[in-house]
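Step one of this worksheet: look at the structure below.
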Amino acid sequence: MGDAAIEILMANKITHINIEGLDVELISKPGLKNIYLRVKPPEGLISVSAPSGVSLELIGEFISHNISTINQAREKILSHSPASKPEQEYITGSKVLLWGRPCTLNVKESSGRSYTIKLTDEGIILAVPENSTHEGREAALNELYRSELKRVLPDLIKVCAIRVGVQVNSFSVRNMKTCWGTCHIRKKRIIINLQLAKKPPECLEYVVVHELVHLIEKNHTKRFHELVAKNFPDEKRVKKLLAESHFEI
Ligand SMILES: [Zn+2]
């Protein structure tokens, strides 16, 4: 967001804050008695109206308290948005994305009861039990994504933390529905969405840098964006790649 946009928003008493990795639109109104929360279509923007003078901390607590309701509402909105893609199929010959490239799926029925997945030079081999389900196949693929991220993240976080100049205590990989990454500032912990393994590797690097910069600057302020740009000059191109999916950062 450029300077001009920030000025206009300030004049309308609307600001954006980052809570639990979610971008929250905050509207302060002098006459209000309570805090009101709305999740707006089509992008699932979280909008909070609050009486003037309420602390950001209180609003943060309010959001955290209602986080599961918010996520449910967002999922509902995003799944109905016209831009949502047809469901991915997981059958032999299907193409699934890995690090930005299409990878051929080879599905084999096995006598076992579990799903096993293996990445080979020829593609991904997915062994499924009899009566396998779409959800089971998807979960197996997500485990491949999770293990790919766990393979590359320790070194990537180390390099990026040195570049940004912060210390990170830990990281975890999760399948999240609404955001690419989040940062637990007090615990110095970053959480990365396993769906990033579908995107080109620079997307993961960008999200890591973004979350690490939150350890210096909590909100998406002008200073925050300057720090991200300084530590990740290719931001514009990567943001475009990330915007193809309905996640925030
Ligand atoms: Zn952020």
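We're numbering straight along the sequence, starting at 1. Order of listing sets the numbers, starting from 1, for every ligand and every atom in it.
- Seen from the Zn ion (ligand 1), atom NE2 of His210 and atom NE2 of His220 lie 100° apart in angle, a value rounded to 10°.
- Of all N, O or S atoms in His214, the one lying closest to the Zn ion (ligand 1) is NE2.
- None of the N, O or S atoms belonging to Cys183 lies under 2.8 Å away from the Zn ion (ligand 1).
- Across all their heavy atoms, Glu217 and Phe224 have their closest contact at O-CD1, 3.5 Å.
- Here the shortest heavy-atom pairing between Arg137 and Tyr90 reads NH1-O, 2.5 Å.
- Looking only at side-chain heavy atoms (C-beta outward), Lys118 and Leu144 stay at 4.5 Å or farther from each other.
- When the ring pair (Phe, Tyr, Trp, His ring centres under 6.0 Å) test is applied to Phe62, no partner is found at least two apart in sequence or on another chain.
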